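Predicted, not measured: the structure shown is a model, and the values here were computed from it. Along the sequence shown, residues carry numbers from 1.
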Amino acid sequence: MTGSPLRTPPKLARDTLRVTPLGGLGDVGRNMATLELNGKLLLIDCGVLFPEDHHPGVDLILPGLDAIADRMDDIAALVLTHGHEDHIGAVPYLLRRRPDIPIYASKLTLAFVESKIREHRIKNPNLNIVAEGDRVKVDGFDLEFIAVNHSIPDAMGVFVRTSAGTVLHTGDFKMDQLPLDGRITDLRAFARLGAEGVDLFMCDSTNAEVPGFVPSEREIEPAIARVFAQSKQKLIVACFASHVHRVQQVLDLAVQHGRKVVYVGRSMVRNMQVARDLGYLKVPENTLVDLKDIEHLPDDKVVIISTGSQGEPLSALARIANREHPVVSLGPGDTVLLASSLIPGNENAVYRVINGLTRLGANVVHKGNALVHVSGHAAAGELLYCYNILKPRNVMPVHGEVRHLVANAALAMKTGLSSKNVIITEDGGVVDLANHQARLVGKIDASYIFVDGSSVGDITESQLTDRRILGEEGFISIVAAVNLHDRSLVSGPEITARGFAEDVDFDTVTEEVRAVLLRGLKDGAEDAYQLQQQVRRVMGRWVNQKHRRRPMIVPVVVAI
């Protein structure tokens, strides 16, 4: 079991396979891995990470695309394991750099991707539909696709055969034996691949800390049915915009209870239309109504399926909780069902929405107080079965925070794998595979790329730090004008504060700033920048001593 040394990896030898995660190891999101062989790159997944409270103003976080920015022409293909945002959300940003990258994915996954590509106005993408059992050869990579069960239809793992060895990447998966769509994880294929030989197993780690097996999707139907039976007024069900199985359950229950269904949220409307067109979602006749028509229906005759189960501030549910939605409102006696689990890092945002809904008088049902959601990721018992079936030579846990990766590695070693064959690394860790042995050989920069409005990659960590300081501590500006020729203070200093504190008396520090400016002029300061630095030090020291605060200090000294 190995950590990631901070050293530059060596030059890649011929017929050695280099595996580098560019996202998804250390976070639950922005999943992406590169496999390099003889100058060609195979990419697996290209997802986004949603920002947390300490990313003010950021819309999305991309994987480390800059690490391959100068190698766009070397990309043989992009394989997408399934249609969740943390696996496909960054595809348009990759295609901006090279629009014709061949993309291989299942029918539903590609349909979701295609709608994103259209939104970004990327023309003539190279999209290729594959299904479980298919094999595709691209530039030295022999790809075989394997059916896996997840919380979205059409998920697949990929087995990669190369001259340097074999890799099995599960994508996100679990082993639900009674899935709603009847499509189980293909353990017969796993057994066959295990017999052939898996040199590197890249395995979903999200639920590695959870003992036993994840319950079947069918087991939550009674709990959701009880919510329908007990709801006498308006009912809102919030889930992921790609959770086709959950929406199907809600549609079926709505028909049983005589309720019409309305989708709320642009991504929900778009994805469910795609799923219906492709036959993955069965919508009973006369069930769907338009949002504008719900005002003509009694509250107990409609169910709203909404986005926003992760507390996203601009989502439909958050706007409803804040009384900002133009059509949907909630009141005492209404019910909201959050039919999803919490993604790590989203807890505060979700609880803010729950509190807002509760404040309106709604009854909020969620995983914490009812069995209304099951995870889409394999728990420890399922992972152990996989290790025993596959008997991989090397394991590299993927998809999870560090604690998840470590827990997954421990499971692998429990089944008999030596610690030297279990590689724990984070984004940017470089693993070379040759002669059936995987070794961690170095690390590259796979840091966050922030999307802020139309800006991609222009926001730095230091700028985010500035935003956090502004949001938490406020700022103080000091403006003065000086004449560098006759060494005089022309005007000021004028001190203004915002978001700092009410009724602060700046008289004392104003005199201190005036004194330091005059002293600096007398001592021969050559430019306004030197004076600004002196002003910043004086003001910083005063604020710290008097108020124990660290606001942003913005000195402006104008030389005239």
Side-chain angles (χ1 to χ4, degrees), residues 17 19 24 31-33 35 42-47 76-84 87-88 102-110 112-113 128-138 141-162 165-207 213-214 245 280 376-379 382-399 408 412 433:
L17 181 67
V19 181
N31 295 283
M32 187 174 188
L35 279 64
L42 173 71
L43 311 182
I44 300 178
D45 287 332
C46 188
L78 167 64
V79 171
L80 300 174
T81 59
H82 64 283
H84 280 153
H87 292 258
I88 68 169
I103 300 176
Y104 294 88
S106 67
K107 184 166 62 173
L108 181 64
T109 303
L110 275 187
F112 286 169
V113 168
N128 304 274
I129 295 175
V130 289
E132 57 262 30
D134 287 354
R135 287 183 67 168
V136 175
K137 293 183 179 181
V138 285
F141 300 98
D142 183 350
L143 314 176
E144 180 178 348
F145 296 91
I146 301 105
V148 296
N149 178 247
H150 187 40
S151 54
I152 185 173
D154 249 9
M156 292 191 296
V158 59
F159 186 61
V160 185
R161 296 175 176 90
T162 75
T166 60
V167 177
L168 176 57
H169 194 301
T170 64
D172 291 358
F173 84 111
K174 60 179 178 176
M175 297 191 342
D176 189 340
Q177 297 303 295
L178 295 170
L180 296 175
D181 60 0
R183 186 175 178 271
I184 64 173
T185 294
D186 191 350
L187 295 181
R188 293 178 300 177
F190 274 34
R192 173 173 53 80
L193 299 176
E196 178 179 336
V198 176
D199 289 315
L200 182 63
F201 186 34
M202 300 175 69
C203 182
D204 180 5
S205 305
T206 313
N207 270 349
F213 288 71
V214 172
H245 295 325
Y280 293 95
H377 303 270
E382 295 157 86
L383 295 176
L384 288 171
Y385 266 91
C386 288
Y387 287 126
N388 286 326
I389 290 171
L390 290 166
K391 294 294 183 186
R393 296 185 177 99
N394 303 275
V395 168
M396 179 179 168
V398 298
H399 198 288
N408 198 355
L433 175 66

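Side chain to side chain, H84 and H150 meet the donor-acceptor criterion of an N or O pair below 3.5 Å. Residues T109 and D154 have side chains that never bring a donor and an acceptor to within less than 3.5 angstrom of each other.
The nearest pair of heavy atoms linking H245 to P153 is CE1-CG, 3.6 Å. Shown here for A131 and M156, the closest heavy-atom pair between the two residues is C-SD, 3.7 Å. For V113 against L80, the heavy-atom pair with the smallest separation is CG2-CD1, 3.6 Å. The heavy-atom pair separating H169 from G171 by the smallest distance is ND1-N, 3.0 Å. Here the closest non-hydrogen pair linking L433 and V167 is CD2-CG2, 4.3 Å. Residues D204 and A378 come closest through the heavy atom pair OD2-N, 4.4 Å.
Counting heavy atoms from C-beta outward, M202 and V19 have side chains that approach closer than 4.5 Å. Put simply, the side chain of F141 reaches to within 4.5 Å of the side chain of L17, judged on heavy atoms.
With sequence neighbours left out, the salt bridge (charged side-chain N to carboxylate O under 4.0 Å, His left out) criterion links E144 to R161, R192. For the ring pair (Phe, Tyr, Trp, His ring centres under 6.0 Å) test, residues two or more places apart in sequence or in another chain that qualify with F201 are Y387. In terms of the side-chain hydrogen bond (donor to acceptor under 3.5 Å, both in side chains) criterion, T185 has no residue partners (sequence neighbours excluded).
Rounding to the nearest 0.5 Å places CZ of F173 at 11.5 Å from CD1 of I146. Atoms CG and CZ, from L168 and F190 in turn, are 5.5 Å apart once rounded to the nearest 0.5 Å. Atom NE2 in H82 sits 4.0 Å away from atom CG in D172 (nearest 0.5 Å). Going from atom CG of D45 over to atom CG of N31 covers 6.0 Å, rounded to the nearest 0.5 Å. Summarising the geometry, atom SG belonging to C386 is positioned 6.5 Å from atom CG belonging to L187; distances are rounded to the nearest 0.5 Å. Rounded to the nearest 0.5 Å, atoms CG (L42) and CG (L143) are 5.5 Å apart.
Between the side chain of T81 and the backbone N or O of H87, no donor-acceptor pair lies under 3.5 Å. T170 contributes no side-chain N or O that, together with a main-chain N or O of G157, makes up a donor-acceptor pair within less than 3.5 Å. Remark: side-chain polar atoms of N207 are not paired, donor with acceptor, to backbone N or O of V214 under 3.5 angstrom. N394 places no side-chain N or O within 3.5 Å of a backbone atom of L200 that could act as its donor or acceptor partner. Under a 3.5 Å cut-off, the side chain of S205 and the backbone N or O of V398 do form a donor-acceptor pair. Using modelled atom types, no side-chain atom of D142 and backbone atom of K137 make a donor-acceptor pair closer than 3.5 Å.
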**Message:** Assess the residue pair Y280 and K107 against the criterion (side-chain contact (heavy atoms from CB on, under 4.5 Å)); give the C-alpha distance rounded to whole Å, side-chain angles, the decisive distance to 0.1 Å, and a yes or no.
**Reply:** CA-CA 10 Å; Y280 293 95; K107 184 166 62 173; 3.5 Å; yes
**Worked verdict on L110 versus I103 for side-chain contact (heavy atoms from CB on, under 4.5 Å)** = CA-CA 8 Å; L110 275 187; I103 300 176; 3.9 Å; yes
**Request:** I would like to know whether L178 and D176 meet side-chain contact (heavy atoms from CB on, under 4.5 Å); could you show each step before the answer?
**Result:** CA-CA 6 Å; L178 295 170; D176 189 340; 4.2 Å; yes
**Item:** Derivation and outcome, side-chain contact (heavy atoms from CB on, under 4.5 Å), residues Y104 and V138
**Value:** CA-CA 11 Å; Y104 294 88; V138 285; 3.6 Å; yes
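Between F213 and Y385, the ring centre distance stays below 6.0 Å.
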